[in-house]
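One structure below.
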Amino acid sequence: MRYLPVFLDLQSGKVLLVGAGDLARAKLRLLAAAGAAVRWYATDGDHDIAGLAAEDAARIERAEGDPLAADLSDVIAVLCAGAGEIGVAMSVRAKAIGLPVNVMDDLVHSTFIMPAIVDRGDVVVAVGTGGTSPVVARRIREKIEAVLPARIGDLAGFIGGVRKSIHARIEEFPLRRRFWERIVDGPIGALVLAGRRDEAEQALNAITDPAAFAGASAEGKAIGHVTLVGAGPGDPDLLTVKALRALQDADVVFYDELVSSEILDRIRRDATRIPVGRRVGKPGIGQDAINALMIEAAQSGQRAVRLKGGDPFIFGRGGEEIEALRDAGVAYSIIPGVSAGLGAAAQFEVPLTFRHEALRITFLTAHKARDAEVVDWSVLTDKKMTVVVYMGMTAAPSIREGMLAAGRSPETPVGVFARVTRPDAKAAVGTLARLPELVKQVDGGPAILIIGDVVAHSAPWSRSNVTQLFSNQMFSELLKAAE
């Protein structure tokens, strides 16, 4: 993010507009709609402002003379639109005295950019693309316009009018936030959005104990809660709506190292973020310490989220964490996520089941070679069974040897799918005999191994020459059998 979105107080001074034609008048209309006081230097001498309301026109000062010699003592920002070389010169002057300046379609001479704006009164949404694509910003604005309630600004104003009086009755800050969340998300907020403000005020005034309304305990304290959230395999668009809401409501988030930065960006900005996971070969703080942190956060009245890659209950130790929370008497909830195995199957078109070919699925983990050595591979040799292995890169040689020794064919199709659903995802497909070699081809993990005939139906397999090699090998086996 190169540009930090900020909101300029237009009541603190004047905006200097330099330029002419339709471009300058478009900026003039925008500034007028925002209630700005504008000093306009029309570089072509035409100050026509036909079409503006009288109230808006009254705030526009038609300036004459050279804008490069203008008095800037009461100016808070400079806009140049359709100003030509004068715009560049104005930029140099504004920068020299620290004034924010925007020269339309000229990032080099601008210190701020004009976003696409959604205006709902007290609620204003600004959409920017770093000045690279106004059309993209406009399209995003159109989508926001379509989903944002028309009276959302009225709701903000409604809350603003009573905020101080409510806060005087709720001492704890976390309870204040929860109070307003219940107002916005509940019937009172719905009344305001429906244009029934009088009824909303009556309902608000009927709340005799705001702290209790916010969910406080009998002692008036915030009640803590832990939510186990599955973050999925990496793509932030795979977060469920419920998971996103939990991240936005959280006071503290304990997250695994494998959770992508794009997903961490969905967390509420002022929430505390604490990494508690570990990567291969690096020590972590331990499960007991993680459990203790969650319990402590909840007992102090915080809403904690335990954010885990994939799904909490598929090799995510979610069961252990739930048991610890139960024993401590802590309230909790669980939000499932897309498991990495399902993410790999979807991204690379691996049908984990297939009519008449794959009727069963087994999920297992083999973090280390010794994990693979203790697996009873004899129960996994059925050709109609798809085997999905989590954390199996290091143990790939042992996995191959175990399955071959148990009788699975060395020509069984396998796939190694790394960093699934992320931009740098990579797949390597081949046969069980070549599994360790395939692991090396994906350039690091995390990765999912899928073993079974279904891999031959995957997109990477169809794009490679493995199909031909597989057919040749099968043909060779038939010839040997015939001999």
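Source: prediction; values computed, not measured. Basis for what follows: all heavy atoms, side chains included, without hydrogens, waters or symmetry-related copies. Nothing fancy with the numbering, it's 1 onward along the sequence.
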Distance check, rounded to the nearest 0.5 Å: [X] atom [atom1] versus [Y] atom [atom2]?
{"X": "I451", "Y": "L435", "atom1": "CD1", "atom2": "CG", "result": "6.0 Å"}
{"X": "R268", "Y": "L247", "atom1": "CZ", "atom2": "CG", "result": "11.0 Å"}
{"X": "R303", "Y": "R178", "atom1": "CZ", "atom2": "CZ", "result": "4.5 Å"}
{"X": "L10", "Y": "L8", "atom1": "CG", "atom2": "CG", "result": "5.0 Å"}
{"X": "L148", "Y": "K143", "atom1": "CG", "atom2": "NZ", "result": "15.0 Å"}
{"X": "F112", "Y": "L99", "atom1": "CZ", "atom2": "CG", "result": "10.0 Å"}

I'd like to know whether [atom1] of [X] has more than 12 heavy-atom contacts from other residues, nucleotides or ligands below 6.0 angstrom.
{"X": "E142", "atom1": "CD", "result": "yes"}
{"X": "R169", "atom1": "CZ", "result": "yes"}
{"X": "R197", "atom1": "CZ", "result": "yes"}
{"X": "K14", "atom1": "NZ", "result": "yes"}

Could you tell me if R326 and Y332 have a donor-acceptor pair between their side chains, going purely by distance under 3.5 Å? yes

Could you tell me whether the side chains of E357 and H457 share a donor-acceptor contact shorter than 3.5 Å? yes

Do [X] side-chain atoms and [Y] backbone N/O form a donor-acceptor pair below 3.5 Å?
{"X": "T111", "Y": "V101", "value": "yes"}
{"X": "R266", "Y": "E262", "value": "yes"}
{"X": "R419", "Y": "G444", "value": "yes"}
{"X": "R400", "Y": "A433", "value": "yes"}
{"X": "T431", "Y": "T412", "value": "no"}
{"X": "K308", "Y": "G316", "value": "yes"}
{"X": "D209", "Y": "A212", "value": "yes"}
{"X": "E172", "Y": "A222", "value": "yes"}
{"X": "R306", "Y": "V229", "value": "no"}
{"X": "R408", "Y": "S378", "value": "no"}

Salt bridge flag under 4.0 Å for residues [X] and [Y]:
{"X": "R196", "Y": "E201", "answer": "no"}
{"X": "D443", "Y": "K426", "answer": "yes"}
{"X": "R434", "Y": "E437", "answer": "yes"}

Would R182 and F213 count as a cation-pi pair here, with the cationic atom under 6.0 angstrom from the ring centre and within 45° of the axis? yes

Test item: [X] and [Y] side chains (from C-beta on) under 4.5 Å apart, heavy atoms:
{"X": "R151", "Y": "V192", "answer": "no"}
{"X": "L79", "Y": "L31", "answer": "yes"}
{"X": "M294", "Y": "V330", "answer": "no"}
{"X": "F417", "Y": "L449", "answer": "no"}
{"X": "I140", "Y": "I144", "answer": "yes"}
{"X": "V338", "Y": "D311", "answer": "no"}
{"X": "Q287", "Y": "E321", "answer": "yes"}
{"X": "R269", "Y": "Q248", "answer": "no"}

Identify the two heavy atoms, one from [X] and one from [Y], that lie closest to each other, and give their separation to 0.1 Å.
{"X": "A297", "Y": "V252", "answer": "CB-CG1, 3.9 Å"}
{"X": "T129", "Y": "P134", "answer": "OG1-N, 4.1 Å"}
{"X": "A231", "Y": "I263", "answer": "O-CD1, 3.2 Å"}
{"X": "L293", "Y": "V276", "answer": "CD1-CG1, 4.1 Å"}
{"X": "S458", "Y": "V350", "answer": "CB-CG2, 3.6 Å"}
{"X": "I334", "Y": "F313", "answer": "CD1-CZ, 3.5 Å"}

Test F348 against I450 for side chain to side chain contact (heavy atoms under 4.5 Å, CB included), laying out the working first. CA-CA 11 Å; F348 295 104; I450 299 180; over 6 Å; no

Worked verdict on E145 versus R120 for salt bridge (Lys or Arg N to Asp or Glu O under 4.0 Å): CA-CA 9 Å; E145 291 272 16; R120 292 288 192 275; 2.8 Å; yes

Candidates L380, V388, I399 - the one meeting side chain to side chain contact (heavy atoms under 4.5 Å, CB included) with L364: L380

Given F173, F179, W180, the one that forms side chain to side chain contact (heavy atoms under 4.5 Å, CB included) with H167: W180

Please state whether the rings of F363 and Y390 are parallel, tilted or perpendicular, taking 30° and 60° as the class boundaries. tilted

V442 vs M393, test: side chain to side chain contact (heavy atoms under 4.5 Å, CB included). Steps then yes/no. CA-CA 10 Å; V442 297; M393 296 183 72; 3.9 Å; yes

Give the intermediate values and the outcome of side chain to side chain contact (heavy atoms under 4.5 Å, CB included) for residues D154 and V123. CA-CA 8 Å; D154 294 344; V123 173; over 6 Å; no

Assess the residue pair I335 and T227 against the criterion (side chain to side chain contact (heavy atoms under 4.5 Å, CB included)); give the C-alpha distance rounded to whole Å, side-chain angles, the decisive distance to 0.1 Å, and a yes or no. CA-CA 7 Å; I335 300 175; T227 306; 3.7 Å; yes

Side chain to side chain donor-acceptor pair (under 3.5 Å) partners of D122, counting only residues at least two apart: none

